[in-house]
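Treat the numbers as computed from the prediction; the structure is a model and nothing was measured. Naming: A, B, ... by sequence-line order, numbering from 1 per chain.
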Protein chains: 2
Amino acid sequence: MGRHREFDTESALEAALSVFWKKGYKGASFGDLSEAMKVARPGIYAAFGNKEALFLRALNLYITKYMGFMTEALEEPTSFQVVERILCGSADIQTMISSTQGCMGTNDVLAGSEDDPIKRALLRWRAEMETALHKRLELAKDQGDLPASANAGGLARFVMTLTQGMAVDAKAGATRDALYEVVDHALATWPGRRVDRSLVSDNVA
Amino acid sequence: MGRHREFDTESALEAALSVFWKKGYKGASFGDLSEAMKVARPGIYAAFGNKEALFLRALNLYITKYMGFMTEALEEPTSFQVVERILCGSADIQTMISSTQGCMGTNDVLAGSEDDPIKRALLRWRAEMETALHKRLELAKDQGDLPASANAGGLARFVMTLTQGMAVDAKAGATRDALYEVVDHALATWPGRRVDRSLVSDNVA
DNA sequence: AGCATTTTATAACGGGCGGTACTGAATCAA
DNA sequence: TTGATTCAGTACCGCCCGTTATAAAATGCT
């Protein structure tokens, strides 16, 4: 019983994700969110709770919808292809909509206090991704894909660092091709084959 | 004539720099600044003007005091040593005080609107640094230090991207040694000699 | 139809922010 | 000493933010 909800929760969450992605957590006001979601402010509270809760829901959607290629990339046969797909996929997503978009998972790490739950959630995901890549590279060492002398942890950190750096570049207005130049150099130094952009430039949707 | 100023402008500016570095532009309130500078709010306005003007003054101080190693690095004899000093110096500074400090020039790029004068100033400095490095690498190609086939612009972007990525890592709590692992891999791929940390780990002050 | 219940929309509250009058105190010229 | 001028500190203003009370509109059960 009772009145029915007049807006679609999922599409409203996508609109909120878009706003948070572009403006960041602190930069996105309820006015921005309400307008983009086409929902009056109390409706947002009723459906999602806090601003913080709304951001965490949007972050979950972001991870499943836009960061899925990272976990998929881990299943590539060689470490080179894994890293290639991670780096090119990151460059694609960070420049896919407007320029100056960047990575939602990185944009709010640099702001906020130390024990901010928002920051904690972002860092937790980043840490999980890095250890997953670390393990994947250890596997590559076992398989002989990477030399036994390779520092798997350092390489994983290197890839994640480069991803974050590209996110800053993208937020600063770098084009996709500019990011690809960075990726090219990073991949040229990897023990394996060369980059083939066409393999990974359309794996976004 | 008139009453004399009772605080030292320079040390107050350093205190402001410290606050902005740690908390970012938006994150630093006048309460924080006033407390750290030991100057009441109207005194700050009288001495420096706006919050924006204060930040720009602090940014200038940051560049001259903490980013000087970058322009110095360009004078190293080989491109490898140039990049080595830039990357190691960045890792040093980003983790020199507390952890979770990062780079003041990067922290506020990800926040703020598109045409924010703060963001413009940060991006301008970053662009200047990148083109300076680009020119230096072109020179290295002329000198035969880098192969003629090298993409100097892409390499310069690569170095700047890595620097920014490490800034995010540092803000997320990475230690100096963790950043050095990233630097090691980046340098291992550079056409030239290997990294010697002792050369660059004390060039901060 | 009539009531309970849930959603909607307007409007407001408390708090923190950047910025500023205003009152005293300190300094220097005359 | 007097007075003009500049700094110091308290207290305040207007604004925007996240959040919530409130009342009207819409639904389903009986």
Side-chain angles (χ1 to χ4, degrees), chain A residues 1-13 15-59 107-108 111-119 121, chain B residues 1-13 15-59 107-108 111-119 121:
Chain A
M1 51 177 119
R3 184 172 173 176
H4 297 331
R5 187 167 279 151
E6 292 184 359
F7 63 93
D8 178 29
T9 309
E10 205 61 26
S11 66
L13 190 59
L17 161 58
S18 177
V19 173
F20 279 130
W21 194 351
K22 185 155 69 180
K23 299 204 167 191
Y25 179 71
K26 283 189 177 177
S29 74
F30 260 87
D32 301 325
L33 292 165
S34 179
E35 184 182 5
M37 299 167 79
K38 287 170 203 152
V39 179
R41 301 226 267 278
I44 301 177
Y45 281 89
F48 302 100
N50 243 351
K51 184 186 184 185
E52 182 178 308
L54 175 61
F55 181 87
L56 294 177
R57 290 273 308 261
L59 179 62
N107 285 346
D108 280 302
S113 58
E114 195 105 359
D115 53 350
D116 187 0
I118 299 285
K119 195 169 171 180
Chain B
M1 49 179 119
R3 184 171 173 176
H4 296 332
R5 186 168 280 150
E6 292 184 359
F7 63 92
D8 179 28
T9 309
E10 205 62 26
S11 65
L13 189 59
L17 160 58
S18 177
V19 173
F20 279 130
W21 195 351
K22 185 154 70 178
K23 299 202 167 193
Y25 178 71
K26 283 188 178 178
S29 74
F30 259 89
D32 301 326
L33 292 166
S34 179
E35 185 183 5
M37 300 167 78
K38 287 170 202 152
V39 178
R41 300 225 267 281
I44 302 178
Y45 280 90
F48 302 100
N50 243 352
K51 183 186 184 185
E52 183 178 309
L54 176 62
F55 181 86
L56 294 177
R57 291 274 306 261
L59 179 62
N107 285 346
D108 280 302
S113 58
E114 196 105 0
D115 53 351
D116 187 0
I118 300 284
K119 196 168 170 180

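With values rounded to the nearest 0.5 angstrom, A/R41 atom CZ is found 11.5 Å from A/K51 atom NZ.
Atom CD in B/E6 sits roughly 12 Å away from atom C1' in C/dG24 (whole-Å rounding). Distance, B/Y45 OH to C/dC22 C1': 17 Å, rounded to whole Å. One can place NZ of B/K51 at 12 Å from C1' of C/dG19, the figure rounded to the nearest angstrom. For the pair B/I44 CD1 and C/dC17 P, the computed distance is 13 Å after rounding to whole Å. What separates CZ of A/F48 from P of C/dT7 is a distance of 12 Å, to the nearest Å. Summarising the geometry, the separation between CZ on A/F7 and C1' on D/dA26 is reported as 15 Å, rounded to the nearest angstrom.
Annotation for B/K22: atom NZ does not count as buried by contact number, only 12 or fewer foreign heavy atoms lying within 6.0 Å. At most 12 heavy atoms of other shown residues, nucleotides or ligands fall within 6.0 angstrom of atom CD in A/E35.
Counting heavy atoms from C-beta outward, B/M37 and B/L54 have side chains that approach closer than 4.5 Å.
Contacts between residues 20-43 of chain A and DNA chain C, defined by a heavy-atom separation below 4.0 Å, involve A/A40, A/R41, A/P42, listed by number.
Remark: the A/R3 side chain and the C/dT6 base include no donor-acceptor N/O pair separated by less than 3.5 Å.
Residue B/H4 places none of its side-chain N or O atoms closer than 4.0 Å to OP1 or OP2 of D/dT5. Phosphate contact (OP1/OP2 of C/dG18, side-chain N/O of B/N50, threshold under 4.0 Å): absent.
Partners of B/F30 under the ring pair (Phe, Tyr, Trp, His ring centres under 6.0 Å) rule, at least two apart in sequence or in another chain, are B/Y45. In this structure A/F55 satisfies the ring pair (Phe, Tyr, Trp, His ring centres under 6.0 Å) test together with A/F20, A/Y25, sequence neighbours excluded.
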